[in-house]
Amino acid sequence: MFSSNSPQRFFKIAAVLVLFLPLLSIFSYDTERELPSHAVPAELEGVGLEEKLGSYIDTNLSFVDEQGKQVRIGDYLKDGKPLLLTLVYYRCPTLCSLYLNELSTALKELNWEVGKEFNYVAVSFDPKEKPDLAKAKKEVYVKDYGRGNGSGWSFLTGNDPEIKALSSSLGFSYKWNPYNDQWVHVSVAYVITPDGQISRYLKGIPLEERTLRLSLVEAGSGKIGDLTDRVALFCFQFDPSKNRYTLYAFNIMRIGGFLTVLVLAAFLFRFWKKQNSSSTV
């Protein structure tokens with residue numbers, strides 16, 4: 001039997017639930033509002049990279065170097081060397097500095113020298129940045145590099161139309177985020193052949209010395225590096241999913257097959273020579 005207070009207690013509990021259940025919905029999980037797995041946050045919309053391997057950049061695009069001199073991208077390809085190119089902005093407090101530091105580390109690990117086997121060019125995609133800022137940036141990285149006199153290094157600035165034209169040809173898209181006063185962009189280095197063709201995209205951090213070296217050898221069409229580099233390039237192939245060169249099974253099998261034929265030919269030659277000697281006795 002229910003006590004005389006049971007109806008009163010029931011109505012009190014019901015009243016509490018009526019008051020608080022709507023509030024609980026604030027903390028509940030609504031599957032209807034879940035972002036789909038492919039959804040891109042608003043601040044990242046329009047930012048990314050569309051690879052255009054094999055395409056050509058406009059080598060006539062005009063920029064200003066760290067000395068305030070008017071230059072063209074093609075000026076860094078005249079000597080027939082491959083070009084390592086990055087699009088950054090010099091005031092970047094996070095990603096650009098981190099990426100340039102990693103790039104500098106990889107360059108120091110190379111037993112080549114910037115300016116001799118290849119050239120390096122950084123281009124600011126912020127049209128507000130000027131040569132004085134580019135000059136300061138170059139001095140920092142040339143000093144950190146610790147080799148040569150800085151020739152082969154160039155830090156450029158430019159006007160918005162030329163910047164956008166270069167970015168578009170490379171498939172590089174970026175946008176300004178007014179909430180934190182920073183440019184939103186990806187980190188990538190481009191390896192350009194002496195005739196202005198996009199040969200390789202080197203994305204993300206860290207950047208391996210072997211990947212950088214083989215990318216430059218490939219872009220240089222065998223004009224830089226030695227025999228071991230060319231053999232390595234034959235045995236390794238760039239894997240975009242891993243962003244590095246990995247063993248190329250087909251070519252390894254070809255080498256194995258060639259060695260097998262070579263050993264078999266040597267054995268048959270010795271056997272034939274022995275048999276021929278026996279028949280003449």
Side-chain angles (χ1 to χ4, degrees), residues 41 43-44 46-53 57 63 65-66 73 76 82-110 112-115 118-129 133-147 150 152-158 163-164 166-177 180-192 198-216 219 238-245:
E43 59 271 18
L44 295 181
V47 176
L49 183 69
E50 178 189 354
E51 293 195 13
K52 298 183 178 181
L53 285 172
I57 61 174
F63 293 89
D65 71 7
E66 64 279 351
I73 290 294
Y76 303 99
L83 174 66
L84 183 63
L85 174 68
T86 55
L87 267 64
V88 296
Y89 76 104
Y90 305 133
R91 294 181 297 108
C92 180
T94 51
L95 184 59
C96 291
S97 295
L98 180 60
Y99 187 73
L100 286 175
N101 290 343
E102 288 291 332
L103 181 61
S104 178
T105 299
L107 290 174
K108 285 185 286 187
E109 290 175 353
L110 276 175
W112 298 339
E113 186 175 312
V114 178
F118 64 98
N119 294 315
Y120 170 71
V121 170
V123 179
S124 171
F125 54 78
D126 186 346
K128 295 181 179 179
E129 295 188 332
L133 186 57
K135 182 179 180 181
K137 202 65 150 178
K138 175 180 175 177
E139 289 174 350
V140 168
Y141 285 101
V142 169
K143 182 180 179 180
D144 178 67
Y145 184 59
R147 278 183 267 168
W153 295 74
S154 288
F155 284 67
L156 310 182
T157 54
I163 293 171
K164 286 182 176 176
L166 179 60
S167 301
S168 177
S169 67
L170 292 167
F172 176 81
S173 54
Y174 54 96
K175 68 186 293 186
W176 177 254
N177 185 349
N180 59 6
D181 292 327
Q182 292 184 26
W183 289 97
V184 184
H185 61 96
V186 296
S187 60
V188 58
Y190 311 88
V191 182
I192 310 297
I198 304 171
S199 174
R200 188 64 60 207
Y201 288 80
L202 305 178
K203 297 172 286 187
I205 300 171
L207 179 59
E208 293 183 350
E209 181 271 343
R210 184 180 70 182
T211 298
L212 177 58
R213 184 184 183 93
L214 292 179
S215 296
L216 291 168
F238 191 80
D239 184 347
S241 65
K242 297 179 180 178
N243 196 40
R244 60 188 175 91
Y245 285 83

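Just so you know, residue 1 is the first one in the sequence shown, and it goes up from there.
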Self-check item: Over 12 non-hydrogen atoms of neighbours within 6.0 angstrom of NZ in K135
Solution: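 Counting other residues, nucleotides and ligands, NZ of K135 stays at 12 neighbours or fewer.
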Let me confirm one number: the [atom1]-[atom2] distance from [X] to [Y], rounded to the nearest 0.5 Å.
X    : Y    : atom1 : atom2 : result
L207 : L84  : CG    : CG    : 8.0 Å
I192 : L170 : CD1   : CG    : 5.5 Å
L95  : S187 : CG    : OG    : 4.5 Å
L156 : L87  : CG    : CG    : 10.0 Å
T157 : E129 : OG1   : CD    : 8.0 Å
E102 : L107 : CD    : CG    : 11.5 Å

Self-check item: Expected output: side-chain S173 to main-chain G48 donor-acceptor under 3.5 Å
Solution: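 Yes, because the side chain of S173 sits within donor-acceptor range (under 3.5 Å) of the backbone of G48.
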Quiz item: Is there a donor-acceptor pair under 3.5 Å between the side chain of R147 and the backbone N or O of V114?
Solution: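 Looks like no, no N/O pair under 3.5 Å.
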Self-check item: Y120 and W153 aromatic ring geometry - parallel, tilted or perpendicular at 30°/60° bounds
Solution: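 W153 and Y120: perpendicular rings.
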Quiz item: Aromatic rings F155 and Y90: how do their planes relate, parallel, tilted or perpendicular, breaks at 30° and 60°?
Solution: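 Tilted.
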Practice problem: May I ask you to decide whether E51 forms a salt bridge with K203, counting only side-chain N to carboxylate O separations under 4.0 Å? | Solution: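 Result for this pair is yes, salt bridge flagged.
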Quiz item: Between D144 and K108, is a salt bridge (Lys or Arg N to Asp or Glu O under 4.0 Å) present by the stated rule, with each step listed?
Solution: CA-CA 9 Å; D144 178 67; K108 285 185 286 187; 3.1 Å; yes
Minimal non-hydrogen separation, [X] against [Y], with atom names:
X    : Y    : value
K52  : I198 : O-CD1, 3.7 Å
R213 : L110 : CB-CD2, 3.6 Å
L202 : S215 : CD2-OG, 3.5 Å

Exercise. Taking the six-membered ring for Trp and the single ring otherwise, decide whether the centroids of F125 and F172 are under 6.0 Å apart.
Key: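 Ring centroids of F125 and F172 are less than 6.0 Å from each other.
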Quiz item: Under the criterion side chain to side chain contact (heavy atoms under 4.5 Å, CB included), which of L83, L212, L216, V191 is the partner of F118?
Solution: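 It is L216; the other options fail the test.
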Exercise. Measure the shortest side-chain to side-chain distance between Q182 and P93 over non-hydrogen atoms and say whether it is less than 4.5 angstrom.
Key: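 Yes, side chains in contact.
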